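Each chain gets a letter, A, B and so on, in the order its sequence line appears, and its residues count up from 1. Nothing here was measured: the structure is a model prediction, and the numbers come from that model.
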Amino acid sequence: MKHLVPSDEHIMLQDSARQFLQANCPVSAFRHLRDNSVSPCYSRQHWKQICDLGWSGIILPEEYGGLDFGYVGLGAIMKESGRTLLASPLFASVCLGAQYLLRAGSDTQKRDILPSVVCGDTCLALAIEEGPHHDPLATLFTAQPDGGNFVLNGTKTFVVDGQCANYFLVVARTSGKPGDAKGLSVFLVDIDRKGVERKQLHLLDARDYSSVDFDNVIVGEDDLVGSMNDAWRYLEPTLDAARILLAAEMLGGICECFERTVEYLRDREQFGVKIGSFQALRHRAAHLFAEIELCKAVVDTGLAALDGAPGSISVLASLAKARLNDIALLATNEAVQMHGGIGVTDELDIGLFLKRARVAIQILGDSSYHRDRFGRLNGY
Amino acid sequence: MKHLVPSDEHIMLQDSARQFLQANCPVSAFRHLRDNSVSPCYSRQHWKQICDLGWSGIILPEEYGGLDFGYVGLGAIMKESGRTLLASPLFASVCLGAQYLLRAGSDTQKRDILPSVVCGDTCLALAIEEGPHHDPLATLFTAQPDGGNFVLNGTKTFVVDGQCANYFLVVARTSGKPGDAKGLSVFLVDIDRKGVERKQLHLLDARDYSSVDFDNVIVGEDDLVGSMNDAWRYLEPTLDAARILLAAEMLGGICECFERTVEYLRDREQFGVKIGSFQALRHRAAHLFAEIELCKAVVDTGLAALDGAPGSISVLASLAKARLNDIALLATNEAVQMHGGIGVTDELDIGLFLKRARVAIQILGDSSYHRDRFGRLNGY
Amino acid sequence: MEPLDAFRREVVAWLEDNCPRSQREPAGPEELYQGGSKGCFSSQDARTWFERMREKGWTVPDWPREYGGGGLSPGQAKVLKTEMKRLGCRPPLATGQGIAMLGPALFEYGSEQQKREHLPRIARGEVRWCQGYSEPGAGSDLANIQCRAEDKGDHFVVNGTKLWTSNADRADWIFCLVRTDPKAAKQAGISFLLIDMRQNGIEVRPIELISGESDFCQVFFENARAEKHNLLGDLNRGWTVAKRLLQHERTLMSQLSEIAVGPKFSPGEVARRYLSLENGVLTNSGLREQLVRYEMDAMALALSNQKAFEESGQGRLDPNSTSFFKYYATELDKRRGELKLALMGTQGLGWSGPGFDSDELMEPRTWAFSKALTIAGGSSEVQLNVIAKRVLDLPE
Amino acid sequence: MEPLDAFRREVVAWLEDNCPRSQREPAGPEELYQGGSKGCFSSQDARTWFERMREKGWTVPDWPREYGGGGLSPGQAKVLKTEMKRLGCRPPLATGQGIAMLGPALFEYGSEQQKREHLPRIARGEVRWCQGYSEPGAGSDLANIQCRAEDKGDHFVVNGTKLWTSNADRADWIFCLVRTDPKAAKQAGISFLLIDMRQNGIEVRPIELISGESDFCQVFFENARAEKHNLLGDLNRGWTVAKRLLQHERTLMSQLSEIAVGPKFSPGEVARRYLSLENGVLTNSGLREQLVRYEMDAMALALSNQKAFEESGQGRLDPNSTSFFKYYATELDKRRGELKLALMGTQGLGWSGPGFDSDELMEPRTWAFSKALTIAGGSSEVQLNVIAKRVLDLPE
């Protein structure tokens with residue numbers, strides 16, 4: 001069985017995604033949003049078009065308005081969106097939010113929310129981080145049972161697409177102590193609920209992030225998504241799938257950066273010759289090519305596994321995130337250095353990829369987190 | 001005060017050491033010992049000459065027959081000995097053994113032993129390792145008090161120059177548990193003492209190593225070197241000084257390997273040009289040059305600190321050992337690769353440096369040990 | 001899917017019936033049957049196992065039956081390989097230069113007569129081959145061929161010398177690049193010649209490596225004779241065949257760690273054996289970091305190999321990929337060697353004698369030999385040059 | 001030793017008496033006085049401190065007194081530097097292109113008249129200089145100078161453009177490489193010219209960098225005028241001066257991390273702030289490993305700098321060392337930037353606004369700016385070329 005060879009349908013999807021994005025949301029579109037301080041930094045019009053194309057429902061069953069086209073399909077979109085630095089709620093609302101709801105939500109919750117996510121009216125954002133380093137099991141944020149309700153208290157930071165969200169999926173501790181997987185619960189919280197206060201964070205990559213304070217926010221039992229104390233059972237696979245999808249986006253960025261750099265090496269002259277003829281640069285570019293080939297295999301294997309191909313998803317997710325983190329660092333730094341002076345100017349797009357990479361590296365675990373996890377999963 | 005600029009006397013010493021070693025103990029002399037399975041692998045005649053030159057007493061006071069010429073002097077000898085792969089008891093008997101006795105021994109012990117070490121009649125060997133990784137505080141080897149005596153039990157492995165030694169300095173636990181610095185004691189044990197059984201180990205670098213069993217070996221209180229339970233006070237600085245001296249030897253090997261490789265790049269032709277004209281190789285050689293320059297500074301600063309210049313000796317020792325380990329690995333691997341096919345033949349000397357480096361890396365702590373220690377010493 | 005599943009069941013049943021118990025243990029480096037007139041079996045079981053597999057043509061499962069192969073499709077061949085690996089069956093005949101290199105070249109460039117003459121003898125392990133490419137002083141500059149073959153009507157007379165010829169001292173025949181037109185420019189004027197080594201004009205001298213082995217040899221030709229019909233491909237066009245063979249060699253070398261009979265324990269197992277754990281985590285965090293980095297890269301490479309296999313559709317790599325796999329795999333082999341030595345500490349330094357078990361003694365030699373892998377078969381630098389030129393299309 | 005000890009006591013006493021308390025706090029990037037007609041003081045204390053130091057000639061302590069300097073020996077100058085650093089005294093006048101680059105060139109190549117005209121104005125912070133070397137399209141190929149100066153008898157007329165000119169928008173004068181002989185081969189035919197920027201023929205356009213700053217500019221010359229007596233060195237022999245200056249630039253850049261007013265916290269402090277410790281050891285072993293590796297290399301580089309200083313005997317580096325220090329130090333600066341971002345996690349990603357304190361906001365910009373350091377002043381690749389050629393004597 002060929003899990004790693006895309007089907008004709010997937011190739012068509014990726015081609016049309018590329019065409020749409022290159023035509024409608026090229027890097028210059030992102031630059032425009034950034035320079036004009038559009039807040040939150042995405043184009044509602046493009047997002048609407050994207051939802052109309054069905055990308056927001058790729059992994060969702062048809063009963064919720066989705067295409068049921070699997071993770072390989074969504075991964076293809078993510079790769080292309082990485083190439084043009086598309087800023088949209090796709091990752092937060094679909095890859096994280098809708099995915100979690102699909103795994104953990106009740107029928108009612110799914111029927112109520114998912115179709116609205118697919119058409120783009122609702123944006124979800126996962127409020128999970130509490131400190132500067134990804135560590136979901138360390139959650140301290142409390143949800144105190146109070147009659148049939150829960151009272152939420154605490155601060156969530158680095159909430160991806162927090163400003164454009166209508167709902168937060170909030171990870172809270174309902175029992176146990178930091179470090180325990182048992183005792184985590186997830187609540188769906190309307191951003192307009194009393195006591196919710198969000199603050200926009202302006203990061204390096206000029207996208208949409210929030211820090212959100214929850215001050216005695218009261219939610220009902222109906223707002224619990226997945227069983228109480230047992231959210232980790234759904235949350236961990238959700239995070240792993242999202243890590244692989246984010247790795248796909250990072251792969252797109254890496255490939256775009258690399259191709260632009262190789263192009264530059266072919267064209268640019270110095271000392272009377274093309275700089276691509278300098279052997280030291282040739283070898284570095286060739287090495288980078290090899291590393292990127294491995295990235296492709298890792299991402300594609302992870303996506304295929306999410307669609308049912310064999311392999312441990314946890315291991316593949318940590319492998320993908322760690323490798324893509326590391327090669328994103330290498331590829332963007334090499335791109336700047338090989339471009340020389342122009343590479344450090346804001347005028348060139350390479351700097352945008354450089355900055356996006358540093359933020360993506362921190363989303364859902366840096367390499368030290370995933371190497372540690374990979375070691376534990378392998379028994380050392 | 002210029003601590004890092006060698007005095008005229010030190011320059012003269014290093015020059016004469018180089019002349020002596022190149023003339024009498026070049027790499028071919030070591031190869032001869034190896035190929036003829038001389039056991040233990042050193043030339044008694046060369047060792048006698050070396051002792052006559054006074055190198056065995058460089059760091060010892062004149063009252064014990066030494067030259068009192070300091071660690072910078074001994075370091076100069078070690079560098080040169082690394083260049084010709086000199087196999088001799090200099091490291092074990094002088095850099096480790098005599099040094100420890102000088103720090104910790106009683107007047108009687110020093111008077112009895114040191115002059116004999118200086119003239120080469122006595123060889124000392126430190127029996128410290130018990131497992132595959134350097135970890136002196138983990139010592140389990142027991143010395144049980146019994147009346148006025150001690151009964152030693154346990155096995156010591158990787159005893160450097162164990163076969164040519166007349167005495168072992170044995171690190172034993174007299175109290176406390178593995179991990180404690182308190183509770184270590186050191187005993188001077190004649191190799192002919194009943195219950196001592198040594199076994200030659202044949203390692204990669206074809207030098208002299210032993211594994212030694214101690215089966216109810218009885219030693220007296222007089223054989224205790226340094227105070228009971230408190231040997232760490234002398235042992236730690238002894239180990240640090242020896243690490244810096246070993247780093248000096250490794251530096252010599254690295255420099256020799258590098259210079260031979262650069263020479264090869266200058267001479268060897270391929271595709272009709274000198275291979276040293278290939279930019280990728282040029283850049284790698286230049287990078288290695290920079291790393292080696294840093295090695296020189298680190299070793300020289302360490303040696304100067306041992307002679308009283310400012311600086312934390314523990315920090316400098318861990319820095320020196322870790323850096324020299326890492327660059328020895330890099331330099332020898334690059335030397336093989338840049339020599340190409342001939343580099344992997346036993347005929348070329350580079351392989352001998354490659355193998356010596358792997359053993360030296362394990363003596364008194366690999367890089368993971370010293371990086372961990374450097375972090376602790378710096379409060380992280 | 002269906003037919004392969006049936007085949008798989010059949011294969012497993014057959015292997016379980018026919019592979020002797022002793023041939024399902026990991027083999028030491030000297031235990032594999034290499035074939036040829038000097039090959040010998042390490043045991044009666046090894047002979048039995050070889051003979052049974054030879055009868056099925058499964059020494060070369062994907063070669064056509066008429067040339068001594070098993071006639072399996074790429075998919076079937078992969079199933080066989082996978083199941084043999086799973087059951088721990090040793091290769092009945094080691095994958096030498098004949099199977100991996102000359103065989104594919106014969107299929108592509110050989111005449112029917114050449115195929116009939118040479119392929120079955122490879123498949124049946126009767127003839128062991130070696131490869132004569134490199135020459136002294138040439139190094140990576142492979143087209144710099146000085147060894148010359150003079151046309152004497154029905155045969156050539158060969159004079160010159162070849163270096164880094166693997167196992168030439170145990171081979172029966174050598175396939176060789178020779179210069180047949182001394183006036184032509186480098187690549188032109190080279191021919192690809194098959195030469196019987198069992199003649200007086202050929203002398204073989206083994207070269208000792210830093211690993212202590214002597215797998216490589218220097219081969220001297222002094223008026224050696226080669227029949228005209230043993231020219232593979234056209235006269236003066238041998239470079240075409242050679243280039244193609246280089247790709248096979250790269251592929252072979254990129255799979256060394258998979259097919260080689262190296263040390264028994266993986267780096268992870270070695271780590272657990274020589275380092276302490278606390279709550280299932282190695283306490284030496286520096287070495288653990290190095291281990292995880294290696295294991296991750298090795299896994300990524302394996303996935304990349306799998307992807308290339310699936311994409312190729314026929315079990316054969318895209319020619320442009322071979323350089324990248326050869327480069328990455330052999331560099332990784334070197335890293336694994338250094339890693340295992342680091343993990344084993346002083347127990348990884350044994351060269352001989354007491355104090356080390358046989359598994360431990362294998363590690364430093366494998367480590368030393370790994371240094372040759374990034375040089376032989378086109379050095380890492382050559383592979384990077386090829387990637388830069390052919391794949392990235394960078395100007396020269 | 002003795003005399004320096006006395007000097008040290010004297011210096012410490014004077015600094016303690018004369019350096020205002022506020023000038024002994026770490027300075028933000030905008031707080032240092034840069035001199036020149038556009039320079040301004042961040043506070044009255046900054047002005048006082050500058051004026052007191054200027055009176056002693058300690059803005060350039062090792063320059064001779066007759067040119068506005070302090071007349072200190074290299075040893076004394078180092079004592080002053082060390083003690084200022086120990087007491088936390090800010091530099092009274094930032095080390096710009098005038099002090100670090102043009103000054104040494106004037107001492108080596110300038111006429112007495114040139115020295116008297118320019119040096120004291122640099123020392124007193126009256127004139128701020130910038131350097132016009134690179135041009136669009138030239139990159140690392142510095143000798144590829146298109147900007148031309150035509151001889152008009154008593155003056156030159158300059159036309160062309162310079163790129164990557166640091167702080168040109170805040171400078172008064174520019175020292176420039178210009179082509180004075182268009183027919184000569186590359187390096188020949190270049191002259192070294194000092195040009196007053198306060199004239200109509202010169203336009204300056206800042207370039208925005210990825211760090212958000214615009215330290216670099218493009219400078220356009222359109223019939224700009226430069227007096228003949230402002231030629232430094234001989235006509236058409238400017239490359240000699242330029243090469244020497246490049247060494248000064250490399251030295252300067254290799255000490256950036258020492259002299260720059262970068263983020264306040266060291267990587268070790270950052271680690272302790274953003275990561276958890278257990279028994280004094282960071283629990284994140286992967287980041288700890290990265291931190292220790294960086295700190296060890298940084299310490300080794302510092303020791304190497306110290307060694308070079310002691311060996312030089314006069315506080316000046318061996319010309320061949322400058323490339324190695326420039327290469328290693330700026331690569332290390334980049335590593336520090338990546339390391340600190342990694343240690344700080346999401347708190348190291350802030351670009352502006354709430355959620356981050358001012359120290360945190362400085363980190364990503366310093367990180368971004370560090371990318372320029374291995375490109376400006378001769379890229380790392382250029383430095384490696386120089387080492388290979390000049391130090392290792394490898395054939396080209």
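- With a 4.5 angstrom heavy-atom cutoff, C/Q383 does not touch chain A via any of its atoms.
- Within the 3.5 Å criterion, the main-chain N or O of C/M344 finds no donor-acceptor partner in the side chain of C/Q347.
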Go through the steps to decide whether A/K177 and A/D180 satisfy the test side-chain contact (heavy atoms from CB on, under 4.5 Å), and finish with yes or no. CA-CA 6 Å; A/K177 57 179 194 312; A/D180 294 349; 3.4 Å; yes

Start with the C-alpha gap between A/R376 and A/D372, add the side-chain angles, then the distance that decides, and say whether salt bridge (Lys or Arg N to Asp or Glu O under 4.0 Å) holds. CA-CA 6 Å; A/R376 285 174 199 272; A/D372 180 62; 3.0 Å; yes

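- Contact of A/Y380 with chain C is made through backbone and side chain together, with heavy-atom distances under 4.5 Å.
- If you tally non-hydrogen atom pairs under 4.5 Å between each of A/E293, A/H283, A/K296 and chain C, the highest count goes to A/H283.
- Heavy-atom distances place no part of A/E259 under 4.5 Å from chain C, backbone and side chain included.
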Mind running salt bridge (Lys or Arg N to Asp or Glu O under 4.0 Å) on A/R260 and A/E256 for me, showing each step along the way? CA-CA 6 Å; A/R260 289 180 183 216; A/E256 185 68 24; 3.0 Å; yes

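- Of the atoms belonging to A/D300, it is side-chain heavy atoms, and not backbone ones, that fall under 4.5 Å from chain C.
- Chain C forms more heavy-atom pairs under 4.5 Å with one residue of A/I275, A/V262, A/T301 than with any other, namely A/T301.
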Steps toward side-chain contact (heavy atoms from CB on, under 4.5 Å) verdict (A/F69, A/H10): CA-CA 9 Å; A/F69 205 59; A/H10 284 127; 3.5 Å; yes

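- Contacts of C/L282 with chain A are made by both backbone and side-chain atoms, with heavy-atom separations under 4.5 Å.
- Looking at A/R323, only its side chain comes within 4.5 Å of chain C, counting heavy atoms on both sides.
- Of the listed residues (C/N385, C/N279, C/V391, C/L275), the greatest number of heavy-atom pairs within a distance under 4.5 Å of chain A belongs to C/N385.
- When atom types are taken as modelled, the side chain of A/S81 and the backbone of A/M78 share a donor-acceptor pair closer than 3.5 angstrom.
- Your options are A/C295, A/A304, A/A286, and the one with the most heavy-atom pairs under 4.5 Å with chain C is A/A286.
- A side-chain N or O of A/H287 and one of A/E291 form a donor-acceptor pair less than 3.5 Å apart.
- Neither the backbone nor the side chain of A/V273 comes within less than 4.5 Å of any heavy atom in chain C.
- Your options are A/N378, A/L319, A/L265, and the one with the most heavy-atom pairs under 4.5 Å with chain C is A/L319.
- Using a 4.5 Å cut-off between heavy atoms, C/V386 makes no contact with chain A at all.
- The aromatic rings of A/H370 and A/H134 sit parallel to each other, their planes meeting at less than 30°, with 60° as the upper class boundary.
- Note on A/D15 versus A/R18: no salt bridge recorded, every NZ/NE/NH1/NH2 to OD/OE distance being 4.0 Å or above.
- Of the listed residues (C/E396, C/R288, C/M299, C/E295), the greatest number of heavy-atom pairs within a distance under 4.5 Å of chain A belongs to C/R288.
- Of the listed residues (C/E381, C/R293, C/E289), the greatest number of heavy-atom pairs within a distance under 4.5 Å of chain A belongs to C/R293.
- Heavy-atom pairs under 4.5 Å with chain A peak, among C/L392, C/D393, C/I387, at C/L392.
- C/R336 and C/T366 form no side-chain donor-acceptor contact under 3.5 Å, judged by distance and modelled atom types alone.
- Judged purely by atom type and a 3.5 angstrom limit, A/R173 uses its side chain to pair as donor or acceptor with the backbone of A/T139.
- For A/F258, the part sitting under 4.5 Å from any heavy atom of chain C is the side chain, from C-beta outward, and nothing else.
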